Every structure is written in structure tokens, then in C-alpha cells.
2 protein chains.
Amino acid sequence: MAQRFRGKSTHKVDAKGRVSIPAAFRRVLEAGDPEWTTGLFPTLILVYGGKGRKFIEGYTVEAMADVDARIENMPLGSIDRRRAEHTFLTESFQVQVDLTGRLVLPQNIRDKFGISDEAVFAAAGTTFQIWQPEAHQEHSEKMDEWYDDAENVDPLVLLGAAAPVTASTGD
Amino acid sequence: MAQRFRGKSTHKVDAKGRVSIPAAFRRVLEAGDPEWTTGLFPTLILVYGGKGRKFIEGYTVEAMADVDARIENMPLGSIDRRRAEHTFLTESFQVQVDLTGRLVLPQNIRDKFGISDEAVFAAAGTTFQIWQPEAHQEHSEKMDEWYDDAENVDPLVLLGAAAPVTASTGD
DNA sequence: TTGCATCCCATGAATTCCCATATATACAGA
DNA sequence: TCTGTATATATGGGAATTCATGGGATGCAA
């Protein structure tokens, strides 16, 4: 498995829609772009589809290639395949990190998610998410409500039920 | 099972957020990083998520790979998976031990745990914890309250119910 | 030719790297 | 067993880089 996105941070969005990508995320994007070599700027894919989703989802080139392959394995013409194509292919776009480590969020996308002058980048393993700050805060609190239950102080409890797989250390 | 973290000690945190990692812990981090060889500096992952938790939890690369694998075995999109992702992926970050055996705790993390000029490193087997000194003291006392009960003088009593497995010395 | 998007440059702040030192620990030889 | 020497550890300071962000120039298209 490729490098994982980890961590979160808030960044300014300027009038042109430019946002800095957290440096740690850029390293993952570079590693996940087969075309990339030192001096070049990695490509990534942003998915804004999915009704009700409150975030834009960022994929490395490799991670998206995996999604594409899965879609291509679905029965041609099936409704599920059409839905997947709609979300991942129609409602997405490809961007390139620029010289200064930023990407541009077009006006209509910013509008859709209510993003104005700031955006939160939150890691989620193979992908990362771009949120409107308050929306992320709300989401974050909802995720943490679980801890209010005195039984659940240790998040490892969440993993307890999962299969005791052998650790894979990746490549 | 890999080498275990053991022991505790207090270290200075300087204005840049740098803290020395106890040398004994470094040995475990080295052993737990598949990329590591003599001369290199091991990577580790710090988890600061988990509402109400009063410490930062440090994982070796291997230990975190196990957590990641468990998360990936959870049903996609399930609430528990989301929570696990939030705590272990979003509210965590990766750092590398530097030339002088230190790591850097960013300002916002230090603020969250009230860590200013000192921090306590406390081992916990496969992971270790970083505490604000007074918080650790408090925790430590709470753990020891148990002994106040005259019946419970021998901590081995705690292990009584555990399965009598054959000791594995690991590798 | 006006609007939008891309490219290029500039700058302060934060972060990393490198070097220095004092103390503690291990080791070797007498 | 004692003692000097080498080694490892914990910590501090400054230089060099990288990062995040803002501003303007350039180019293309409607």
C-alpha cells in the first residue's frame, strides 16, 4: 500500500481560489503519481460528487486508477456502474499542484461547499478531504461524541472487532 | 510481537517544540521501522485524537501498519470505521527522529495538551505516551489508588484471570 | 478588450538542519 | 578495583531551507 495521508490543517483560500496543500500531503501526492519526478508537480484528482457529502475528496493518481479499475469491472450499463461513473468521473476533475504548492478550487466548487476564505484539509488514509471550516468542526465533534460514553475512552476498542490481520508494512 | 516500550522519563521541551525521545524508546522505534538501518533515523506516528484523552500516543511504523490494516478491514463507510479513521488518520501525524534523537511537537499539539517546557514519556507496551507532567502525575496516582485496598497488595492479582500462555520472547 | 486563469516573483514565518556543549555511561588497561 | 578515555545522551543556539501566502504580469478566450 502506498503512503497514507495523515493529519489535518487549515489554509487560506484567496480571491483566485488558490489554496496551499499541506506539505505532508504533497509528499504523498508525489509518491502516488507515477509520472512524478523531482522538479515536477504532481497531479491529483478532486471528486466533488455525491449528494449530501460535505467535502471534496482528493485522490492521488494511483488511488484514482484503482477506483477506475473497479468501475471497469462492474457490469456494463448497470445502474450501479452508471452511478459510480457519475460520481467519480463526471463530478470530478484533475488538477496539478503549482510551483508554490497550491491548487485552485474553481468558483462553482467553492460555492457548492460554502468555502470562502479558509478550507480545512483532513487526511483519511488513501484520500484526503477538503472542508468548509465550520462543517469540518461539526463533523469532527460528531465523530468524537463516541468518547463521551465512559466505556469508550480508548479508540483501540474500535478496532477490537476487526480481524487480527498480520501487519503489512507496505512497500 | 515486536520489542516493547518500557519505562518512563521526563524531558525538556524547548521553544521550538523539540523534545528528546528516551534512548530506550529510540531502540524500539528503530526495530519497529522496516525502513530503518544503522545511520538512518526512524519514523514514528503520533496520535493526538480521542476526545478526553490526556496524552499523545506514539506508535512505531509497524504498530501503526497493524492499526491501518485493521481499519481497512472494517466495512467501508461504517460509522466505526469513520471514527477510527478520524482518530488514527486525521488526528495524527508522522514524524522522524532527528540527528540528535529528538522529535518536534507542533505548537497546536502542545497547546491542546498543556505541554510547555517539559513532557513525560511513559511506556505502554506496543505504544508510548507523551503527557503534560502534572496530568501524568495525576493519572499515575489514580492508577495506584487500587493499592490502598489492603487486599490488593500484589499486582499479579490483576493478571490472575489471564490465560496461562507460554511466554513468547519474540524476535 | 475585458474577464478569467495561469505563471512568476516576493516575503515573513515556521521548520529543519547542523554544530556545540555538558553530563552520564561504558570500556579498557593498569 | 580503580581510573582515564571513548561513547552516548540530553539540551541549547544559529544558519539555511521550506512553507504558506500575497501581489502583479502575462496569455488566452469570449
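Everything numeric here is computed off the predicted structure, so don't read it as measured data. Chain letters run A, B, ... following the sequence lines, proteins first, then strands; residues in each count from 1. Any value given below was found using the heavy atoms of this structure, including those in side chains, with hydrogens, waters and symmetry copies removed.
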Answer yes or no: is there an ion pair linking [X] with [Y], defined by an N-O contact shorter than 4.0 Å?
| X | Y | value |
| --- | --- | --- |
| B/Glu145 | B/Lys142 | no |
| A/Arg81 | A/Glu85 | yes |
| B/Arg53 | B/Glu91 | no |

Residue met sooner reading DNA chain D from 5', once B/Lys12 and A/His11 are mapped to nucleotides
B/Lys12

If the sugar-phosphate is the primed atoms plus P, OP1 and OP2 and the base is the rest, what is the B/S/- string for nucleotides 1-16 of chain C, using protein heavy atoms under 4.0 Å?
-----BBBB------B

Starting at [atom1] of [X] and ending at [atom2] of [N], how long is that distance when rounded to a whole Å?
| X | N | atom1 | atom2 | result |
| --- | --- | --- | --- | --- |
| B/Asp14 | D/dT9 | CG | C1' | 16 Å |
| A/Phe121 | D/dC19 | CZ | P | 15 Å |
| B/Gln96 | D/dT18 | CD | P | 15 Å |
| B/Arg27 | D/dT7 | CZ | P | 16 Å |
| B/Leu29 | D/dT9 | CG | P | 13 Å |
| B/Glu118 | D/dT11 | CD | C1' | 12 Å |

Would you classify A/Ile21 as touching base, sugar-phosphate or nothing, given that sugar-phosphate means primed atoms plus P, OP1 and OP2, and contacts are heavy atoms under 4.0 Å?
sugar-phosphate

How long is the span from the OG1 atom in B/Thr10 to the CD atom in B/Gln137, to the nearest 0.5 Å?
9.5 Å

If two hydrophobic side chains count as joined below 4.5 Å and joins carry through other members, does A/Leu29 share a cluster with A/Ile45?
no

Please check if atom CZ in A/Arg82 has more than 12 non-hydrogen atoms from other residues, nucleotides or ligands closer than 6.0 Å.
no

